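Bear in mind that the values here come from a model prediction, so they are computed numbers and not experimental data. Chain identifiers are assigned alphabetically (A, B, ...) following the order of the sequence lines, protein sequences preceding nucleic acid strands; residue numbering begins at 1 within each chain. Just the heavy atoms: all of them, side chains too, but no hydrogens, waters or symmetry mates, feed the values below.
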There are 2 protein chains.
Amino acid sequence: MLLQNPTKQAAVTTADKVFEQLQHAIVEGDIAAGSKISEPELAKHYKISRSTLREALNRLEKCHLIERKANIGSRVVACTIEGLLELYITREALEGMACRQAALNMTDEEIAHMQNMLTQHATDKALQEGVSYYQEEGDVDFHYKVILGSHNQQLINLICGQLYHLVRMYRCQFGMHSPRATRAFTEHSNIIQAISDRDGELAELLMRRHIAASRKNIENKIALQKAEQESQET
Amino acid sequence: MLLQNPTKQAAVTTADKVFEQLQHAIVEGDIAAGSKISEPELAKHYKISRSTLREALNRLEKCHLIERKANIGSRVVACTIEGLLELYITREALEGMACRQAALNMTDEEIAHMQNMLTQHATDKALQEGVSYYQEEGDVDFHYKVILGSHNQQLINLICGQLYHLVRMYRCQFGMHSPRATRAFTEHSNIIQAISDRDGELAELLMRRHIAASRKNIENKIALQKAEQESQET
DNA sequence: AATAGTAAAATTGTCGACAATTATACTTTA
DNA sequence: TAAAGTATAATTGTCGACAATTTTACTATT
């Protein structure tokens, strides 16, 4: 993952650095989803005081990667199917609106840059081979560009600063790299076209369909798995 | 304000209590928007240690009421017109989707309860007098019910747990109680009808129009003020 | 044997002190 | 006089210890 969250700011303090390490560990599943967090243990592991660790934990809570209860402690969030679907619903709402705003607020330069990026991806051999490159980095890259293009700080903070850490976590833990590469590419093209045409309404509609398609793709998979399980059980 | 944020949980720890007091003070403007926060000063004022205060500050940051920079300190967020409009855009996206989900997921009991609430407000003398009661409590109450009705924890947390503190802050600081009472009442009625009909698409559309109408109302006011200022300057 | 009660251990919350960084006031120099 | 540099003061970040609460292990009672 070379990709960087565009809202991320340099980690200067120790708490920042430990936060980043913990974030990575949670997203990648090195610290299990749903597991309890022991402050003394983690503090010892990272060789920092509990105060500093708690500062880092507060940041993890801010991007919804852990949950805290008073006098009880912290737990890594659980990755459930319901949670995943809820996340997609929320993304559909926020990124849809971001896309509409992008159509209104992006500069011509930004749009040109995004078009170039897509062309770049189109000629990329990885895409032609149907490999996951485009899905992973290219997809996230595209979505980031649109969100930033909204020029709406509120939307940018919510999506890039909070939601996307969870998105990455689900991607890692559920091992999601579905074979939608070429299809997603076409959808991205159409979205950029709508933005380029300054058609906010269409841009939002297309982005929402794009995300909803991913969600339905997952729902189908789940349904299939369920059916398989039940047939095995009998 | 008797109204309670439905996502709020009992404050057991000292940091919780100080957080609530600070939250109130910031929302009401007792601590000025945009002002710098002095940790030693506040800690002394509330008679707590700096550690405990910092815990409270972290929670304020979580609901976007303050912003922190490493080694520099915290500032109360500034209330700008751009920020207000961005907030409305975000609300439109999130609450619109919440309303769609409410149409799909609310139980019949919940819907009936919400209808009763609206009838209650209709017969309320305060509404008939066109007083601000309906707008303040009734409006927020209605929106909360819809959001909770989405049964989507992600949406509920984002809107009730984060956005609405900022909304309240803007309402207080900009002194917003525009005379849209009866109109808003009609709009609420139509939204409930759509939810009752389980028409998610219409419900979302109406909620978005409802919020957009408020936003445009503000934009008009701003434009008017600007025009007045300019005419005075000449 | 199962449950309730109690004591011990562990965990979280809070505190005050010190270290590192930033802001301020003053002096020096061109 | 203005600008740059330096020393001082103030603020934020980090630490280890203690207090309050929760969990665990054990004992006593029915």
Checklist line | Residue list, side chain to side chain donor-acceptor pair (under 3.5 Å) with A:T52, at least two apart or on another chain | finding: A:S49
Check: Taking protein heavy atoms under 4.0 Å as touching, what does nucleotides 12-18 of chain D look like 5' to 3' if B marks base contact, S marks sugar-phosphate-only contact and - marks none?
Finding: BBBBB--
Margin query: When you compare the side chains of B:Q162 and A:Q162, does any donor N or O come within less than 3.5 Å of an acceptor on the partner?
Written below: yes
Margin query: Please give me the minimum heavy-atom distance between A:H151 and A:N105, naming the atom from each residue.
Written below: CE1-O, 3.3 Å
Notebook entry, point to check: How close do A:I26 and A:Q173 get, heavy atom to heavy atom, and via which atoms?
Noted result: O-NE2, 3.1 Å
Check: Between B:R75 and B:E61, is there a side-chain N and carboxylate O pair less than 4.0 Å apart?
Finding: no
Notebook entry, point to check: How does each nucleotide of nucleotides 5-10 of chain D score, in 5' to 3' order, for protein heavy atoms under 4.0 Å: base (B), sugar-phosphate only (S), or none (-)?
Noted result: ------
Margin query: Less than 6.0 angstrom separating the ring centers of B:H210 and B:H143, yes or no?
Written below: yes
Notebook entry, point to check: Does B:R208 come within less than 4.0 Å of A:E204, counting only side-chain N to carboxylate O?
Noted result: yes
